[in-house]
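Before any comments, here is the structure.
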Amino acid sequence: MKKILALILVCVLVLALMAGCKPKPVTLGPANSSSDSGDNSNPGGSDKPNVANKPTDYAESYTLCAEIRDALDVLMNEINDKHNEAHPYGDPENTEGADWTFMLFSLELAFTASFTEDDEALQAVKIAFEFFGGTDIVIEHPAKNHYEVLYTANSGSKMKMVALFDPNSGGLSYTGYTDGVAESLYEFIPIGGNQFAFQTRSERAIIEYKDGEILSFVYTSITADDAYYTSADSIFGKGSAANQKWVDGKGADGYGDYYTYDGKTLVMYVTPWSGERFMVEIPK
């Protein structure tokens with residue numbers, strides 16, 4: 001039975017990896033207030049936002065997170081592809097050199113897609129990790145909505161993955177460690193009003209999403225010269241901390257990339273792979 005479950009999980013992981021599980025500020029409004037409950041079954045202890053079909057477990061939260069991220073990717077591709085047809089490579093307003101293709105992307109997060117309260121299915125994840133070359137794999141489930149995977153990478157490094165689900169908000173938090181040092185962060189938190197906060201080590205965003213459509217968003221990424229966001233910056237269980245100021249409080253010039261979309265116009269402050277930073281406004 002475990003082998004069958006593992007085969008299913010491998011297929012899910014492969015599909016997730018193939019699917020790819022970034023002035024006019026957009027006013028998205030305040031988030032809901034929150035309070036920590038301290039309940040062990042709710043490690044986040046966050047607020048209860050008004051979210052249709054709120055995720056009820058980690059896998060559902062991951063699915064919604066990936067769905068929104070994919071919708072963002074589609075929107076950015078559609079707008080930029082149309083724009084770049086009129087402004088081909090070499091044009092000062094061409095955006096092909098921008099790194100928006102990998103906005104809010106995490107390869108590691110895809111490996112957590114099937115985390116579950118079902119211990120038998122959770123242990124089957126071990127076989128899936130073996131398929132991808134991990135050794136000395138240990139799957140732990142220390143508390144409800146709390147999952148950990150420890151393994152040795154091909155390089156010999158000791159890896160640890162910690163994933164949490166907050167049933168109050170429907171959000172998730174992921175931290176990846178290499179030899180005891182936290183090197184990966186990914187948080188996805190529904191904050192009410194069809195708005196969703198995202199945070200990685202170098203990015204923050206609030207996306208308004210409803211019925212399969214991105215209605216608006218604000219997104220920033222910090223440069224390599226800045227300190228990365230860490231667990232000390234976590235909004236897991238503190239959804240009210242995520243608002244527009246949390247995303248873009250330093251202003252457009254304070255970030256490597258700064259994008260806003262109000263449903264009609266995409267504004268991009270872009271730091272390309274080469275060349276000078278520039279700003280462009282693109283109608284949908």
Stepwise salt bridge (Lys or Arg N to Asp or Glu O under 4.0 Å) check, Glu148 with Lys160: CA-CA 7 Å; Glu148 297 186 4; Lys160 182 177 181 180; 3.7 Å; yes
Intermediate values then yes/no, ring pair (Phe, Tyr, Trp, His ring centres under 6.0 Å), Tyr255 and Tyr269: CA-CA 9 Å; Tyr255 301 92; Tyr269 287 78; over 10 Å; no
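Between Arg204 and the choices Ile222, Val218, Asp233, the side-chain contact (heavy atoms from CB on, under 4.5 Å) rule is met once, by Asp233.
Within the cation-pi definition used here (under 6.0 Å to the ring centroid, within 45° of the axis), Arg201 qualifies as a partner of Tyr228.
Aromatic ring centres of Tyr258 and Tyr219: separated by at least 6.0 Å.
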When the side chains of residues 128-137 are checked against the rest of the protein, which donor-acceptor pairs come out under 3.5 Å, sequence neighbours left out?
from: Thr135; atom 1: OG1; to: Thr152; atom 2: O; distance (Å): 3.4
from: Asp136; atom 1: OD2; to: Thr152; atom 2: OG1; distance (Å): 3.1

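Here the closest non-hydrogen pair linking Tyr186 and Ser106 is CD1-CB, 3.5 Å. Taking both residues in full, the closest heavy atoms of Thr112 and Leu109 are given as OG1-O, 2.7 Å, listed atom of the first, atom of the second, then distance.
When the side-chain contact (heavy atoms from CB on, under 4.5 Å) test is applied to Asp118, the partners found at least two apart in sequence or on another chain are Thr116, Glu120, Ala121. Residues passing the side-chain contact (heavy atoms from CB on, under 4.5 Å) test with Pro92, sequence neighbours excluded: none. Contacts of Ser202 classified as side-chain hydrogen bond (donor to acceptor under 3.5 Å, both in side chains), with partners at least two apart in sequence or in another chain: none. For Asp253, the salt bridge (Lys or Arg N to Asp or Glu O under 4.0 Å) test picks out Arg277, with sequence neighbours left out. Every residue two or more places apart in sequence or in another chain that forms a side-chain hydrogen bond (donor to acceptor under 3.5 Å, both in side chains) with Asn80 is listed here: Thr95.
When side chains are defined from C-beta on, Glu208 does not count as touching Ile214, because their heavy atoms never get closer than 4.5 Å. Inter-residue side-chain proximity for Glu203 and Leu104 is flagged as met; some heavy-atom pair is nearer than 4.5 Å.
Separating the NZ atom in Lys284 from the CG atom in Leu266 is a distance of 11.0 Å, to the nearest 0.5 Å.
For Lys250, the NZ atom counts as densely surrounded, since its 6.0 Å shell holds more than 12 non-hydrogen atoms of other residues, nucleotides or ligands.
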